[in-house]
There are 2 protein chains.
Amino acid sequence: MGDKLVYSFGAGVREGEAAMKTLLGGKGANLAEMSNLGLPVPAGFTITTEVCNAYYKLGRVYPEGLEAQVNAALEKLEASAGKTFGDPANPLLVSVRSGARASMPGMMDTVLNLGLNDATAAGLAALSGDGRFAYDSYRRFIQMYSDVVLGVKHEAFESILGAVKDENEYKTDTDLSADDWKGVIAEYKRAVLEETGAPFPEDVRAQLWGAIGAVFASWMNDRAITYRQMYNIPESWGTAVNVQAMVFGNMGETSATGVAFTRNPSTGEKRFYGEYLINAQGEDVVAGIRTPKPITRASREEQRETGQSLEEALPEVYAQLVAMFEKLERHYRDVQDIEFTVERGVLHMLQTRNAKRTAPAAIRIAVDMVGEGLITKEEAIARVDAESLDQILHPVIAPGYKRDILCTGLPASPGAAVGRVVFSAEEAVSQAQRGIAVILVRDETSPKDIHGMKVSKAIVTARGGQTSHAAVVARGMGLPCVCGVTSLRLDEHNGTFSALGRVVKEGDTITVDGAAGQVLLGAADLEQPKLTAEFNTLMGWADEVRTLKVRANADEPKDARQARYLGAEGIGLCRTEHMFFDPTRTPAMVEMILADKDDTPARVAALAKLLPMQREDFAALFDIMGALPVTIRLLDPPLHEFLPRSEADLKDVAAATGVSAAELLKRADELHELNPMLGFRGCRLAIAFPEIYEMQARAIFEAALDVKKLTGAAPTPEIMIPFVLARRELEIIRASVERVAAAVFAEVGDRVDYLVGTMIELPRAALRAADIAEAAEFFSFGTNDLTQTTLGLSRDDAGRFLEAYVKAGIFERDPFVSIDQSGVGELVRLAAERGRAARPGIKLGICGEHGGDPDSVRFCAEAGLDYVSCSPFRVPIARLAAAQAALAGAKSVT
Amino acid sequence: MGDKLVYSFGAGVREGEAAMKTLLGGKGANLAEMSNLGLPVPAGFTITTEVCNAYYKLGRVYPEGLEAQVNAALEKLEASAGKTFGDPANPLLVSVRSGARASMPGMMDTVLNLGLNDATAAGLAALSGDGRFAYDSYRRFIQMYSDVVLGVKHEAFESILGAVKDENEYKTDTDLSADDWKGVIAEYKRAVLEETGAPFPEDVRAQLWGAIGAVFASWMNDRAITYRQMYNIPESWGTAVNVQAMVFGNMGETSATGVAFTRNPSTGEKRFYGEYLINAQGEDVVAGIRTPKPITRASREEQRETGQSLEEALPEVYAQLVAMFEKLERHYRDVQDIEFTVERGVLHMLQTRNAKRTAPAAIRIAVDMVGEGLITKEEAIARVDAESLDQILHPVIAPGYKRDILCTGLPASPGAAVGRVVFSAEEAVSQAQRGIAVILVRDETSPKDIHGMKVSKAIVTARGGQTSHAAVVARGMGLPCVCGVTSLRLDEHNGTFSALGRVVKEGDTITVDGAAGQVLLGAADLEQPKLTAEFNTLMGWADEVRTLKVRANADEPKDARQARYLGAEGIGLCRTEHMFFDPTRTPAMVEMILADKDDTPARVAALAKLLPMQREDFAALFDIMGALPVTIRLLDPPLHEFLPRSEADLKDVAAATGVSAAELLKRADELHELNPMLGFRGCRLAIAFPEIYEMQARAIFEAALDVKKLTGAAPTPEIMIPFVLARRELEIIRASVERVAAAVFAEVGDRVDYLVGTMIELPRAALRAADIAEAAEFFSFGTNDLTQTTLGLSRDDAGRFLEAYVKAGIFERDPFVSIDQSGVGELVRLAAERGRAARPGIKLGICGEHGGDPDSVRFCAEAGLDYVSCSPFRVPIARLAAAQAALAGAKSVT
């Protein structure tokens, strides 16, 4: 910690500036900056964030020297204001506000009008000639201070005020006279004494330290902690405290207070946008007791508001404000969110900060500002939060819609959808065929539910985390999904589910908001997204600067088309097993699985039936992707996943295959695994039964040659072997793939180029990367499984405690959503290094769910990977994140 | 490969020596060495192992220059023998034998009497004056060559010989005259022509190259591959080929052939031990057609054999042999296994090699030889295979017992036991209470079977690998166990199991041989082991040299006592969950689990009931272990493992707890996990429910103080937090343990020293070891789980394909038995380094199953760990392996 704990601003003092956000917090740094710019900022001082950290480190005790520095700053403030703190003749009043490095609106506490007591209130009344104003301010102060500092809740005060109003038949607060307020104040003080056992502090210094302490304490309140978790703000940043001379927007009809944006934060439109109130304090605008008016005349007319806009009511002030807006936007080179107060016709700036904005607004503003020459293309790219693009790629619930929230869970896949509740994949299919929009609600989903998920509008599950089966598949399909709804109790037997006391029947209509993790009762109004011209412009710029390629995970033609539309440069992961879950293929698949371990001919015969279907699957993908690379992962899940389990499924499959349900069940039992994630799957299947991969390889090569013949364009399949842990596995399978290729090429009399590579999804594979690279032309990091194994964390089971882990600060973020850089990340970096050393030029990519997470994309860029692959709907996010990573990298190099 | 491909020996030539085993194989190097020592070795030459490797590398083609070098060596041999290869007048005959670096008895092929054809056979008859001998040799050669080189099976020849004997009413082969043999030879040749389509080769050079090729080919026969896998012999070693002048033990009554050991290889007794046959070739001794006689008179008398010992029959030869035995033992400083032939009264030495021996013999010989001044204590330590000690710590089936093998599986835990078949833990308990010896046979076991396993004499499971639950628990308890008996089909409903066509009923008696992985029908004769004085002497020496400490994994007083008896220096792993599976504790445990997530008081109340039980558990262990360290792992498995599942269990628990079976089942369903190995377990439980570990910590501290008060000796508990993946977890739990310690110490008014550390059992924990070490006073590598996660391999499920993986050369050994040094091992080394760098002096140990595997112990010593911990019965193995590692380490340093 530096020696200087307090920084003054305003009235020509220049101790801080915008660049000192870390130390002074956003508000403090910007107040200093505005003041340095010559804007009319009431003077004040900032207690640094370092003091906050020291305060907690010392066990909620202020560091030495703070009191002296605060006193000195206060003296300076008194001098510049020409008023004295606690002086009844000419009292200085101050506001005490929090201000962290990142804006956390409404999360922490503020106290206004501090410095009032019986004596100074009387002085203020005399000085302003407005007793009503003075005592109104005083009672506001008592109310706020009691709430924030003393922990006396507002209900106590509301009933007192209500009684006085009832007694006098007053309708609004403004009806109260100075004397009325005095009576209210006496009552307030009595209430404080009763509730706290101590009188309300008359000593203004005691008031000041009480408020400072309350602001620091508010850094650790539940709201603030939750907010920090939501926005990944480290606790260690701390908050600053800003003490500033009060100015009053409630000193009559030439006084006012307002908030404004230099552009529209919802749409990005370039027009001032804001609201103000005549004769009010800032809190009134926010509190919603009086309805604020638009600032500009144009807005007022558009909104058909009666009354006057600020432009009309105080045209001179408005003109000053416009000038300041322009100055600030030019200075900060970004849209500003401003608070101002007009005290008896004089404008004071209380805050400016970069405005929060919606994703569409962020894009429009960034592109517009490049057009205006305000920022560069690179800055425009950096300005848009990549993750926020998710908002513009999916339907959303209309902003005005009043939500009836039934229950909440994890926001597993964004977008909103309306449909009728069904409880099984079969029911989903059957109703969907009749044209009914359905939402599948289950405890959890499994690969056998795929056909039902495909036809559903959204998925809700009681269990599972953000990378559970349901979540992964839903994101892949672009379906809204809410997972891990712990309050949801399914009663399939009665065809109902209950949540927090309410019961929903099969067929009832619900709405799912996947981005918010909410399930709503009834049909919400939805809005469809459009990809704007600005979006395309921005993405074009992003593509120019990024070096990391972006591919998509796509198993079906529909996904592949979506992926190309959203700018994917290939398929990074085609999961062939999804093709086998199709009910029409179940009989042959089951036949294959039921073949005795040693009965290779029976297995080969069953596989032969699957060959033409697989060939068609691949041909369709190759056709769509043209010359772009298509990475096909050979069969990965354990075979028992393909066997029916539920009674209905058993019956269907038994009918389709002619194998008895008992036999099917017996085989499933034999194949049952305690930990299937670590079981007989991936290339382990091919070591035991080489004919499975041989069929798939044949289908790939035949399809590629078919498409080549048909279109003239040669596809470039990249054949990916999953779950490898040793070079020898890959060598054995590689040899078999090469044999198949040679055979097919000879049969057809033509050839295509292809690569054989592997997933790196086991810690051992990462460690042995040098070895494995000798047999692999590419690595694709399967960071889902690599996270599961490196952390020993089953993504389907972790839902039960992941939240507690994030809360306890063990994980910064869900490691299945954002790559665990210090654990899994070290293995990725190490494998990339070892792989490149052994085979320079080896192609490196990532195909886990992380491929669409901006932080993870940045990590991949830093680790030197060649591409990321993600769900089609996340391709734009990855493109933008990759561009941002390239810019950040370029910056850190120069 | 060097230029010299062929090395001659014998007749004064000194090209090879014993030290050249790598190049010349064991047999070749020892033949050269014996000849160098002046022993009468028939001359010959050795084709190097490098030629074998080149032969396979070139695709079964001989390297250039080989033919010329073989021809040169053959000329030298002809010169020294004074005979010419293929010369009818004075034919040189040779033997062609394999000889790898390690002895692989009977695994590869040999051809004797090579160089015979119609012409040379006639020459040999004239020269020896013994037509019967010459043509008998010729037919033997045809038979052997046809089998080994031409692939004509012996049945063809046997029926020919049988027909001749029947026709002439001969009883034995020796009844055939020279002319009879000529007729047989003609028939043999016809059979070869018929079977192979080509005449038997008359050209002796063609014969020689055929035999050389066959020996090289035999390196890759199935037997040899299997043997190499069993004994961890790398394929890359290759085999040498030895071509040696024939000498004949079948030239009449002054000729003989025999095999001998310089000491008894079964018991280690210091007395020559061996067998011989007059007028016979070496193969006759092995073939068992004639019964060989003992070499010494003493043995003959002891065995009440009629006929003469070699000592009596050929006393001069015997005296020469005794002198050579002594010379060889002194020279090689080890027990020798010798082959010799006496040709017309002249002794020839055909082979010497270090003798294979049983574990008891190895110990006795090593200790005796130190007493004799032949070897040092250090050499004695190195001489005994640590793994082999397993044989002397458990009962075994009597050597002579004729086994009726029902089925075989994996040798999961050594020892033999006899008992009646039961199919459930309950039945095991009920029968055991009536004094019946039972063997528990199940598909697989789970922690809920512990009480049934405890009372069983042995365990057999159809599923699971060598480190499945059944295997681990059985080894811990010292019970024989055979796992993964894939041929076993359980029919619990009818109370039977079947294996390979035979059906066994509940109550039938079987015998389990855990070391051999066999299940036998009926009650075998068992022998009980005794720890001999020599064993204790050897272990004493081992303890003097080793630096790695050895602890035991022990959960109960019985285990702890066994551990101390076998020399453990502490408990490295006490699994507290095993204490909760005790049926008397189930009600409180279930109550704890059923407490609502947010109902901490209910959970605390249930835990309070468990506290006194846990305190007693720990007090008993502390009492036994005295001042030795006791590492206690706090609760590790997921809670659902403690809930009943089977109908019988449900009923019992429902009755004991008053909770309905439906409720129990519902809770178990709620807690169900898809991959429990990666689930809500270990310290994750304590992050969610801190009160569980708090109760355990309290029990530990209270028990330690109780024992201190009672005995005056202060126990030193080491509290181990399982499944940690980040420092923060450990910090949170550590703080709670310290709070409990402070509280207990204050209550009792006394204190004990204790450590808090963690298991490193997740790849992330290994990677973040520097971080984690800041909060851990010790690391214990949980290599079972670290192997599961690093390799993505569920030890309960891997049985299905592990064998295929070892066969395909993907794993050298089962990675759950011997640590995967290049994968898991890298993580261990890295974590040890990072941990030590962050906290110098941090205590490092290993408590996975690998702690008792000699190779893994050596690895741990190299990685610089402080101790290994293993099952009590493996403690001596670990002590010896640690001593061997220390010696190897000292050697490699100097």
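Since we're looking at a predicted model, the values are computed, not measured. By convention in this document, chain letters (A, B, ...) are assigned in the order of the sequence lines, proteins followed by strands, and residues within each chain are numbered from 1. Any value given below was found using the heavy atoms of this structure, including those in side chains, with hydrogens, waters and symmetry copies removed.
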So for atom CD, which belongs to B:Gln821, do other residues, nucleotides or ligands contribute more than 12 heavy atoms lying within a distance under 6.0 Å?
yes
Let me know if A:Leu674 has heavy atoms under 4.5 Å from chain B in its side chain, its backbone, both or neither.
both
Counting heavy-atom pairs under 4.5 Å with chain B, the top scorer among A:Asp797, A:Leu827, A:Ile732 is A:Asp797
Measuring heavy-atom distances to chain A, does B:Leu791 have an atom under 4.5 Å in its side chain, in its backbone, in both, or in neither?
both
Looking at B:Ala808, B:Gly809, B:Gly682, B:Gly792, which makes the most heavy-atom pairs under 4.5 Å with chain A?
B:Gly792
Does the A:Arg463 side chain pair with the main chain of A:Arg442, one donor and one acceptor, at a distance under 3.5 Å?
no
Would you mind telling me which of B:Glu729, B:Glu673, B:Arg684, B:His672 has the largest number of heavy-atom pairs within less than 4.5 Å of chain A?
B:Arg684
Report which part of B:Arg727 has an atom under 4.5 Å of a heavy atom belonging to chain A: side chain, backbone, both, or neither.
neither
Whatever's closer than 4.5 Å to a heavy atom in chain A on B:Ile687 counts as side chain
Please identify, among A:Thr790, A:Leu793, A:Leu767, the residue contributing the most non-hydrogen atom pairs under 4.5 Å to chain B.
A:Thr790
Name the region of B:Leu762, side chain, backbone, both or neither, that has any atom closer than 4.5 Å to a heavy atom of chain A.
both
Cation over ring, A:Arg681 on A:Phe723, under 6.0 Å and within 45°?
yes
On a heavy-atom basis, the closest approach of A:Arg834 and A:Ala769 is CB-CB, 4.0 Å
When rounded to the nearest 0.5 Å, the distance separating OG1 of B:Thr758 from CZ of B:Arg734 is 11.0 Å
Can you tell whether the side chains of A:Glu731 and A:Arg728 come within less than 4.0 Å, N to carboxylate O?
yes
Less than 4.5 Å to any heavy atom of chain B: does that hold for the side chain of A:Ala798, its backbone, both, or neither?
neither
Max heavy-atom pairs within cutoff under 4.5 Å with chain B, candidates A:Leu685, A:Asp820, A:Val824, goes to A:Asp820
About how many Å separate CG of B:Asp449 and CD of B:Glu444, when rounded to the nearest 0.5 Å?
9.5 Å
Counting heavy-atom pairs closer than 4.5 Å to chain B, which one of A:Phe811, A:Tyr805, A:Phe680 comes out on top?
A:Tyr805
Roughly how far, to the nearest 0.5 Å, is CZ of A:Arg489 from CZ of A:Phe497?
12.5 Å
